[in-house]
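First up is the structure itself, then whatever we jot down about it.
Only a predicted model underlies this, so the values are computations on that prediction, with no experimental measurement involved.
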Amino acid sequence: MLLSSLLCLAFLSTARAVTVYGQTPFGLTSALRTLTATSEGAVPTATEKPLAAYDETILKPPPLPQDQSLTFTLNLAATNASVPNLSIMQHGSFFGFSIEMSVLTQIMGKNASHIQVPFLNLMGQIQQRAGGVHIRMGGNTQDFAYWVENIPNGHATSKEKSDPKNPTLTPAVLYSDELFYLAANISSLVNVRWYLGIPFNDTNWRLTIAEKGQAILGDHLIGLQAGNEPDYYLGHGHRTEPYGPNEYSNEFAALIKAVEDNPRIPIKNMLIGPSLATGPWTPEMLFDTGYLDRFKDSLCMVTMEHYPSNNCFVQFNVGSYVDPQETFPSFLNHNAALNLVQPYRHSSDLARGIGKPFVMFETNSATCGGLPGISDSFGAGLWALDYGLTMAAANFSGALLHVGGQNVYYNPFTAPPTNQSSFHQWTVGAVYYSVIIVAEIFGKSNVSQVVDTSNNGIYAPSYAIYDNGQLSKVALFNFMDDPSGAHDITGTITVDGGQVPQQVWVKYFLASSVSVKTNLTWAGQTYGNKFQVDGRPKGELNITTIPCDTAQNQCRVPLKAPSFALVFLTDPTVPAAAEPTATLTFATTAVTKLVNTATVDPSVLATSNGHSGKERAALGSTSPGSISAARRVVPGVGVVLVSMVLGAGVVLAAVAR
Ligand SMILES: *[C@@H]1O[C@H](CO)[C@@H](O)[C@H](O)[C@H]1NC(C)=O
Ligand SMILES: *[C@@H]1O[C@H](CO)[C@@H](O)[C@H](O)[C@H]1NC(C)=O
Ligand SMILES: *[C@@H]1O[C@H](CO)[C@@H](O)[C@H](O)[C@H]1NC(C)=O
Ligand SMILES: *[C@@H]1O[C@H](CO)[C@@H](O)[C@H](O)[C@H]1NC(C)=O
Ligand SMILES: *[C@@H]1O[C@H](CO)[C@@H](O)[C@H](O)[C@H]1NC(C)=O
Ligand SMILES: *[C@@H]1O[C@H](CO)[C@@H](O)[C@H](O)[C@H]1NC(C)=O
Ligand SMILES: *[C@@H]1O[C@H](CO)[C@@H](O)[C@H](O)[C@H]1NC(C)=O
Ligand SMILES: *[C@@H]1O[C@H](CO)[C@@H](O)[C@H](O)[C@H]1NC(C)=O
Ligand SMILES: *[C@@H]1O[C@H](CO)[C@@H](O)[C@H](O)[C@H]1NC(C)=O
Ligand SMILES: *[C@@H]1O[C@H](CO)[C@@H](O)[C@H](O)[C@H]1NC(C)=O
């Protein structure tokens, strides 16, 4: 990587957009803060409408297109030497997460000695494939959050007491040193690297988060966001007229000065901006003022935040109603990704021109909490996967999917409501699978490149992936939904300047329909339906082998409607020499010990991912519906850890250090 991204201390990530065009949504931000802050909602009962994260809405699949061809051929160059529009080198931690500050402790753990095991497992799944995970602790709540010496019960965050004179004012998030120790302790177990945000609600710079972040997180801190959707500051009433790109730039300059002058912030050049929502301002409106040139020595990456849709009318009576059923089809074709990326192609080039990674710092399917029936459907999983690959092909270096509490629809993962954690486990959304799959596509090597090879209409996008210069994988989508089989597609792969292998290995991402939220599988394995997730895959790994026609130089890959297929041209179970395939999982057997005394129990050793579904089932706590494991992670029993299940000693040192 370039020096600049090293200065970023590891790079990558992205942000949120309130897409309420043509509105001046005063109060929206505080409303949004309420949405994300009231995370520990009431327990859903049989008669109550479930919380958004457990919403049961099932939409109708979109009507089938008339003109979609059911066969296509990709003639792919054998090497990367002269492939037009091939991406920069990508990495498996391309997709990371942006966790709203108000829900950090719910998801990660109460404090440094009380870490959520399912969270560690979910991150471990990504680490296993990508080597690491990037997480932003921030969001709308970051601008008003503030540090306090102590929080009752030794917790890492809490909420400000609300002001009885102004009950509608969202209480700010409070955090103590414990938040940084919590993050540091997580990083000592799984390779998570963090982004933090310097509050930008006013220009009395409060730099505690930068000081503590650098001191406590060290190398595990990637960068510090400076401004969160500044193009909405005026509209949200956080600034007064005039406030445009020049005013934001001048504030950015003032912050740089404050950081320069602060001896407790030794690393000066890890700032992240401009994180525009791309609402009121286009990137060009800011970049035309010379922002990039002026600040390139302080910036470690260039970021944007955007969501394609919104649910603000339903949540806050702002903007106009977005009908989920009418909107669903717009997520289920390749134009969704192309339209999202188009406004940033020029910015991505500009960032590359100054040697900085370009990152979508916060995104997801719809702001203001997501859309019922869309955001947690299998269709959203396909959408996020296509969106991620389109961003990667357009030279983005990463993207962070936003995570809220139980009252949003779009979460990649949701912790059970606090007082249900004794009998309910976690829930993952379809977009978590998208993250896993992208991690697997790019892996750990840093020598993967991707190119959009779509040539068969908007319902069947495709990509070729080159690893270390060689064509190695092909990604194929079928966005259509037809259980009859009449819209199954066959994609034919030929190798230009080379020869197809005897056979290909295919991992499918499958569900019965784009609309469903249950029984999703990746290569035959599922993380479980709602309340069934402990962060480990269940079931036998299923890699489909398909013989190729070597005489014709063709491999024909069937694609159900709907489905995604990752086609490997070499055996994916034979790891590259440099890539250990150890499984990194944490059993949800709580032991009353401190997290840093976690030990490896050899009796629960598993082999590499998915090869031992039977052995894993024998662990007991992984079978769907099991509640015993969940009961053992009830907060309050002391420390929630852990036996680590490692497939190979190789990563042990790294994990248990
Ligand atoms: C869980 O918490 C909610 C909100 O604090 C409360 O209304 C509900 O009664 C609690 N349920 C149980 C089972 O304790
Ligand atoms: C390369 O990408 C650009 C911008 O998306 C597009 O206009 C052009 O057609 C692409 N070239 C090829 C050969 O695919
Ligand atoms: C983990 O947390 C405990 C309790 O706060 C602390 O004593 C320990 O130093 C932490 N370990 C790391 C690696 O931060
Ligand atoms: C910014 O946030 C801090 C911490 O919540 C608060 O004390 C301060 O009053 C806020 N500034 C403005 C202008 O709202
Ligand atoms: C961490 O949180 C747990 C659960 O609330 C609590 O029991 C424990 O005392 C806290 N740890 C510290 C060091 O305060
Ligand atoms: C991505 O960057 C590479 C340079 O590494 C360039 O050749 C390619 O055209 C860029 N792709 C796009 C879509 O701009
Ligand atoms: C890939 O890049 C990451 C982040 O820059 C780095 O930590 C890792 O060591 C690199 N891996 C290899 C195999 O070069
Ligand atoms: C092709 O891949 C090799 C090995 O990763 C790399 O050195 C080279 O720069 C790549 N070529 C292009 C044109 O991207
Ligand atoms: C999910 O799978 C289970 C077990 O195979 C089956 O009983 C159930 O009907 C499936 N649910 C749906 C919605 O397909
Ligand atoms: C593996 O996946 C393929 C493709 O979806 C399917 O046809 C086959 O039945 C699966 N095998 C098992 C054992 O589940």
Side-chain angles (χ1 to χ4, degrees), residues 60-76 328-338 377-390 393 430 433-434 437-438 440-441 450-465 471-496 500-501 503-516 519-524 542-549 552-569:
K60 287 194 287 293
L64 290 159
Q66 301 302 309
D67 52 354
Q68 174 65 46
S69 163
L70 301 180
T71 58
F72 64 102
T73 299
L74 301 177
N75 187 19
L76 305 173
F328 198 27
S330 70
F331 281 86
L332 295 172
N333 65 65
H334 191 39
N335 283 346
L338 294 175
S377 66
F378 177 61
L382 293 176
W383 162 80
L385 193 46
D386 190 36
Y387 178 26
L389 293 174
T390 295
Y433 291 81
S434 318
I437 295 167
V438 167
E440 215 163 307
I441 290 175
V450 61
V451 60
D452 187 336
T453 53
S454 305
N455 68 356
N456 185 34
I458 61 175
Y459 298 98
S462 62
Y463 301 84
I465 294 96
L471 176 65
S472 75
K473 302 176 200 104
V474 183
L476 305 172
F477 290 76
N478 184 350
F479 271 113
M480 296 184 290
D481 189 306
D482 182 356
S484 79
H487 288 81
D488 289 2
I489 288 179
T490 302
T492 300
I493 296 164
T494 76
V495 178
D496 185 7
V500 294
Q503 62 167 34
V504 288
W505 293 257
V506 183
K507 290 187 174 186
Y508 285 104
F509 181 33
L510 294 172
S512 61
S513 155
V514 291
S515 304
V516 301
N519 292 4
L520 275 53
T521 56
W522 167 238
N542 180 355
I543 301 176
T544 308
T545 52
I546 297 177
C548 297
D549 182 339
Q552 298 266 339
N553 192 17
Q554 287 183 344
C555 305
R556 281 179 282 274
V557 179
L559 287 160
K560 283 193 166 56
S563 66
F564 166 82
L566 183 60
V567 183
F568 295 81
L569 303 187

Point-to-point distance, once rounded to the nearest 0.5 Å, from [atom1] of [X] to [atom2] of [Y]:
X      : Y      : atom1 : atom2 : result
Ser377 : Leu332 : OG    : CG    : 7.0 Å
Asp482 : Asp488 : CG    : CG    : 7.5 Å
Asn75  : Thr494 : CG    : OG1   : 3.5 Å
Asn333 : Leu382 : CG    : CG    : 11.5 Å
Phe509 : Phe477 : CZ    : CZ    : 9.5 Å

Mind listing the closest non-hydrogen atom pair of [X] and [Y] along with its distance?
X      : Y      : result
Ala460 : Gln68  : CB-NE2, 3.9 Å
Ser563 : Leu510 : CB-CD2, 3.5 Å
Ser330 : Ala336 : O-CB, 3.3 Å
Leu569 : Trp505 : O-CZ3, 3.7 Å
Tyr463 : Thr453 : N-OG1, 3.3 Å
Val500 : Cys548 : CG2-CB, 3.9 Å

Would you call [X] and [Y] a side-chain contact if the rule is heavy atoms closer than 4.5 Å?
X      : Y      : answer
Leu70  : Ile489 : yes
His334 : Asp386 : yes
Phe568 : Lys507 : yes
Val495 : Asn553 : yes
Asp452 : Leu389 : no
Phe328 : Ser515 : yes
Ser434 : Tyr387 : no
Pro547 : Thr545 : no

Can a donor-acceptor pair be found, under 3.5 Å and without considering hydrogens, that links the side chain of [X] to the backbone of [Y]?
X      : Y      : value
Asn519 : Ser512 : no
Asn478 : Leu559 : yes
Lys473 : Ile441 : yes

_Phe564 and Trp522 aromatic ring geometry - parallel, tilted or perpendicular at 30°/60° bounds_ =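 Aromatic pair Trp522/Phe564 classed tilted.
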*Looking only at side chains, do Ser513 and Asp481 share a donor and an acceptor under 3.5 Å apart?*
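On atom types as modelled, these side chains qualify, holding a pair under 3.5 Å.
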_Non-neighbouring partners of Asp549 that pass salt bridge (Lys or Arg N to Asp or Glu O under 4.0 Å), sequence neighbours left out_ =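 Expected list: Arg556.
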*Ring centre gap for Phe479 and Tyr459 strictly below 6.0 Å*: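 No, the ring of Phe479 stays outside the 6.0 Å limit from the ring of Tyr459, centre to centre.
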*With sequence neighbours excluded, tell me which residues meet side-chain contact (heavy atoms from CB on, under 4.5 Å) with Ile546.*
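Residues passing side-chain contact (heavy atoms from CB on, under 4.5 Å) with Ile546: Val504, Val506, Tyr508, Thr544, Val557, Pro558.
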*Return the set of residues passing side-chain contact (heavy atoms from CB on, under 4.5 Å) with Ala511 (not counting sequence neighbours), or none when no residue passes.*
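Result, side-chain contact (heavy atoms from CB on, under 4.5 Å) vs Ala511: Phe378, Val516, Leu520.
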*CA sep, side-chain torsions, deciding dist, call: Phe72, Leu476, side chain to side chain contact (heavy atoms under 4.5 Å, CB included)*: CA-CA 11 Å; Phe72 64 102; Leu476 305 172; 3.9 Å; yes
